[in-house]
Visitor: 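This is the structure, below, for whatever I ask next.
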Amino acid sequence: MGTGRRHRLGWRARRAIRAATLLDRVVDSQLPLVTGLPEASRRHSADYLAELVMLAQAYRHYAAGWIDRRELDRRGRAAVARLDQLRRERPSASPEQLTEQD
């Protein structure tokens, strides 16, 4: 039962929420660009953005106290490794497939 008081977040939780919000903004700004890409690039970009969404969710879970710093670090390292893998697997675009977004 609530007392009407708001739970004050610590500075680490506030910083985690800011990080999640920043990631959300990155994803939101890139979504409209994805639709104009060729199919292979669209799928690849969607995978990249999905990884950012999952990382933002990990920051929210940390801020809520559902995971600890060690788990947030593990998820962050896994996300960076997956993003690096996606970067290396980037579909090659032939010259006729290049768009302004490429």
Side-chain angles (χ1 to χ4, degrees):
M1 197 152 52
T3 62
R5 288 180 159 179
R6 292 188 61 176
H7 174 69
R8 290 186 47 97
L9 297 175
W11 68 272
R12 286 184 178 98
R14 286 191 309 272
R15 191 168 76 180
I17 294 296
R18 282 195 307 272
T21 301
L22 175 66
L23 289 167
D24 289 341
R25 287 181 184 155
V26 169
V27 170
D28 289 345
S29 71
Q30 296 302 306
L31 279 175
L33 302 175
V34 172
T35 59
L37 297 174
E39 180 65 25
S41 294
R42 187 169 45 241
R43 287 179 188 217
H44 186 265
S45 296
D47 288 343
Y48 204 92
L49 294 177
E51 203 61 44
L52 294 179
V53 168
M54 292 186 335
L55 182 57
Q57 191 63 36
Y59 275 104
R60 284 189 193 86
H61 288 172
Y62 173 74
W66 297 342
I67 62 173
D68 63 11
R69 180 70 188 178
R70 182 174 290 143
E71 178 61 14
L72 177 62
D73 288 342
R74 186 194 68 75
R75 291 181 188 189
R77 283 191 305 276
V80 169
R82 177 71 177 134
L83 291 171
D84 186 51
Q85 177 186 3
L86 288 168
R87 183 187 54 78
R88 284 185 271 115
E89 295 173 355
R90 185 172 191 269
S92 60
S94 63
E96 64 273 3
Q97 290 179 323
L98 291 177
T99 65
E100 288 182 30
Q101 289 88 11
D102 290 338

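Just so it is clear, the model here is predicted, and its values are computed rather than measured. All heavy atoms count here, side chains included; hydrogens, waters and symmetry mates do not.
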Visitor: Mind checking what makes side-chain contact (heavy atoms from CB on, under 4.5 Å) contact with Arg42, not counting sequence neighbours?
Guide: Val34, Leu37, Glu39
Visitor: Pairs in or reaching into residues 65-88: which pass ring-ring contact (aromatic ring centres under 6.0 Å, His included), with residues at least two apart or in two chains?
Guide: His61-Trp66
Visitor: Grab the two heavy atoms, one from Ser29 and one from Val26, that are nearest each other, plus how far apart they are.
Guide: OG-O, 2.8 Å
Visitor: State which residues pass side chain to side chain donor-acceptor pair (under 3.5 Å) with Arg87; sequence neighbours excluded, sorted by chain then number.
Guide: Asp84
Visitor: Does Asp24 have any salt bridge (charged side-chain N to carboxylate O under 4.0 Å, His left out) partners at least two apart in sequence or in another chain, and if so, which?
Guide: Arg60
Visitor: For Arg25, which residues count as a salt bridge (charged side-chain N to carboxylate O under 4.0 Å, His left out) partner, sequence neighbours excluded?
Guide: none
Visitor: If hydrophobic clusters are built by linking Ile, Leu, Val, Met, Phe, Trp and Tyr wherever their side-chain heavy atoms come under 4.5 Å apart, do Leu86 and Val53 end up in the same one?
Guide: yes
Visitor: Just wondering, do Glu71 and Arg75 contact through their side chains at under 4.5 Å, heavy atoms?
Guide: yes
Visitor: Please name all residues satisfying salt bridge (charged side-chain N to carboxylate O under 4.0 Å, His left out) with Arg69, sequence neighbours left out, ordered by chain then number.
Guide: Asp73
Visitor: Who passes side-chain contact (heavy atoms from CB on, under 4.5 Å) against Gln85, sequence neighbours left out?
Guide: Arg82, Arg88, Glu89
Visitor: Is there a path of hydrophobic side-chain contacts, each under 4.5 Å between heavy atoms, that joins Leu83 and Leu31?
Guide: yes
Visitor: Output all residues satisfying side-chain contact (heavy atoms from CB on, under 4.5 Å) with Arg18, sequence neighbours left out; order by chain, then residue number.
Guide: Arg14, Arg15
Visitor: Suppose we screen for side-chain contact (heavy atoms from CB on, under 4.5 Å). Which residues come up paired with Leu23, at least two apart in sequence or across chains?
Guide: Leu52, Leu55, Ala56, Tyr59
